[in-house]
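Single-structure report; data block below.
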Amino acid sequence: MFKSLYWSIRSINSNGALERLKRLIKSKNLPIIALAKPFHKDNRLDKYKRILGYQFAYSNCNSQIWLFGDSNMDCIISEEDDQQVTCTITIKGNPLLISYVYAKCDAHLRDDLWNKLKIINDNYNLTWLIAGDFNCIIDPVEKKDGSLHRMSKSMGFIHCIMDCELLDACYTGSPFTWCNGWYSDRRVWQRLDRALTNHLWGSMFDNTNINHLIMTGSDPCSLLITANNSHKTPVRYFRFLEFWIDEPDFLNIVEQTWNIEAEGSPLWKFHLKLKNTFKMLSAWSNNTIGNIFTSIKSLKEKVADLETQSISDNSEINREALNQAYSELIRAYKKEESF
């Protein structure tokens, strides 16, 4: 089992943050944590290591990411720069690669981070988890209110996720991890914090969850990361995919299948109708799934054409069309990832 906490704490001493952190460590029994923006120089690291009860502490080069861990974690720092710290830890003889991230606010400065993550992906063939504040969303639905998000700012991150073949880990709690804390008419919510995993992580841990803990004040919510393996033989269950409802044939398939007559008691009829509907939806999806993959190529060409148009004529109409194309491409990628 792996358990960790990431918190973009924005001053370890502000608004009772240290006390909240100590309670979390005690109640959740956290063997390793990462704090971003502690607002202290690294010469205070040992002091907080003792306060928090850890035996290991590390600060990245600009003191923007602090790591604390138990001695039994066998933590070795593998890579670090001003936006990430990557360490190797061993659990029951299995090495894990963990990257904690605090990305720059300016989009062009985050390019160095995306390139570094690609290098790490190429150089380490290990079970990998990346968690942190990426200061970037990957879908317009991850922002509520405020000005329209320009998806061009997100494409570097999205390409990094695709190039490294990463998956967005499941989460519980609020869909947003950050709020500007302003009055209601100017308040903005975004999902800036997340955890990503590679396929080896999914092979080792069949259950990974990121709990978005409640936000306090203007601080982003902290990420409580848990991963375990039940060692049970996986059972293939029917999985309803949300994008199905946007497909033109979806309602017809459901209606036609549900109207097929079934014999038996009312409860047995209901069971058979559900079973038949699940079966038909799965077959229908398998037969039409090729449309998702082939559409990605044409959407990429559409985005490239609209980018060229926006460069030559940066009108509002062209910008809206480009953002819409970005959204369509991201949705297509998500459909592809579902399988």
Side-chain angles (χ1 to χ4, degrees), residues 1-6 28 30-34 73-75 78-79 84-101 113-114 116-134 136-139 142 157-173 175 177 191 193-212 223-244 282 285-286 289 292-293 296 330-339:
M1 181 176 184
F2 173 80
K3 186 183 291 187
S4 181
L5 178 81
Y6 176 92
K28 304 299 183 181
L30 300 169
I32 185 169
I33 67 170
M73 291 301 292
D74 191 20
C75 182
S78 304
E79 305 278 349
Q84 61 84 28
V85 174
T86 296
C87 59
T88 304
I89 64 174
T90 302
I91 297 180
K92 295 183 178 179
N94 298 310
L96 306 179
L97 193 67
I98 312 297
S99 297
Y100 295 104
V101 168
L113 173 62
W114 313 143
K116 184 62 177 182
L117 293 177
K118 292 177 185 178
I119 292 172
I120 293 173
N121 178 67
D122 292 338
N123 292 344
Y124 295 86
N125 186 28
L126 292 174
T127 303
W128 190 24
L129 177 138
I130 311 102
D133 182 349
F134 293 87
C136 186
I137 64 174
I138 60 174
D139 192 301
E142 294 180 348
F157 186 24
I158 293 169
H159 288 153
C160 176
I161 293 174
M162 297 299 169
D163 291 343
C164 297
E165 298 182 353
L166 301 173
L167 296 176
D168 198 351
C170 297
Y171 71 85
T172 56
T177 64
R191 185 191 177 201
D193 306 74
R194 69 181 71 240
L196 304 165
T197 61
N198 67 358
H199 71 282
L200 293 175
W201 185 276
S203 298
M204 179 172 289
F205 300 108
D206 60 16
N207 181 26
T208 299
N209 182 63
I210 314 301
N211 189 356
H212 293 174
L223 305 181
L224 178 61
I225 305 162
T226 57
N228 56 61
N229 194 337
S230 63
H231 298 289
K232 295 179 180 178
T233 303
V235 179
R236 296 189 63 183
Y237 294 100
F238 171 79
R239 180 183 178 189
F240 183 86
L241 302 176
E242 290 188 11
F243 72 83
W244 281 349
S282 296
S285 181
N286 288 333
I289 194 63
I292 293 174
F293 299 107
I296 289 179
I330 292 168
R331 284 195 292 270
Y333 277 138
K334 286 190 171 182
K335 290 180 181 180
E336 183 182 43
E337 289 177 2
S338 299
F339 295 87

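These numbers come from a predicted model, not from an experiment.
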Partner residues of Asp74 under the salt bridge (charged side-chain N to carboxylate O under 4.0 Å, His left out) criterion, sequence neighbours left out:
none
With Lys28 via salt bridge (charged side-chain N to carboxylate O under 4.0 Å, His left out) - residues at least two apart:
none
Beyond-backbone contact of [X] with [Y], side-chain heavy atoms, under 4.5 angstrom:
X: Asn125; Y: Leu200; answer: yes
X: Phe2; Y: Ile32; answer: yes
X: Tyr171; Y: Asp193; answer: no
X: Leu223; Y: His212; answer: yes
X: Thr90; Y: Leu96; answer: no
X: Ile120; Y: Trp128; answer: yes
X: Ile138; Y: Asp168; answer: yes
X: Val101; Y: Leu113; answer: yes

Sole residue of Leu129, Thr197, Ile130 in side chain to side chain contact (heavy atoms under 4.5 Å, CB included) with Leu166:
Ile130
Listed by chain and number, what are the side-chain hydrogen bond (donor to acceptor under 3.5 Å, both in side chains) partners of [X], not counting sequence neighbours?
X: Thr208; value: Trp201
X: Ser78; value: Thr88
X: Tyr6; value: none

Closest approach of [X] to [Y] (non-hydrogen atoms, all atoms of both residues):
X: Gly93; Y: Pro95; value: O-CD, 3.6 Å
X: Asn94; Y: Met204; value: CB-CE, 3.6 Å
X: Ser203; Y: Asn229; value: O-ND2, 4.2 Å

Which distance, rounded to the nearest 0.5 Å, do you find between the [atom1] of [X] and the [atom2] of [Y]?
X: Leu224; Y: Ile33; atom1: CG; atom2: CD1; answer: 11.5 Å
X: Cys136; Y: Arg194; atom1: SG; atom2: CZ; answer: 8.0 Å
X: Thr226; Y: Met1; atom1: OG1; atom2: CE; answer: 5.5 Å
X: Lys116; Y: Gln84; atom1: NZ; atom2: CD; answer: 6.0 Å
X: Ser4; Y: Leu30; atom1: OG; atom2: CG; answer: 7.0 Å
X: Cys160; Y: Phe134; atom1: SG; atom2: CZ; answer: 8.0 Å

Please, which pairs that meet salt bridge (Lys or Arg N to Asp or Glu O under 4.0 Å) have at least one residue in residues 117-131, sequence neighbours excluded?
Lys118-Asp163
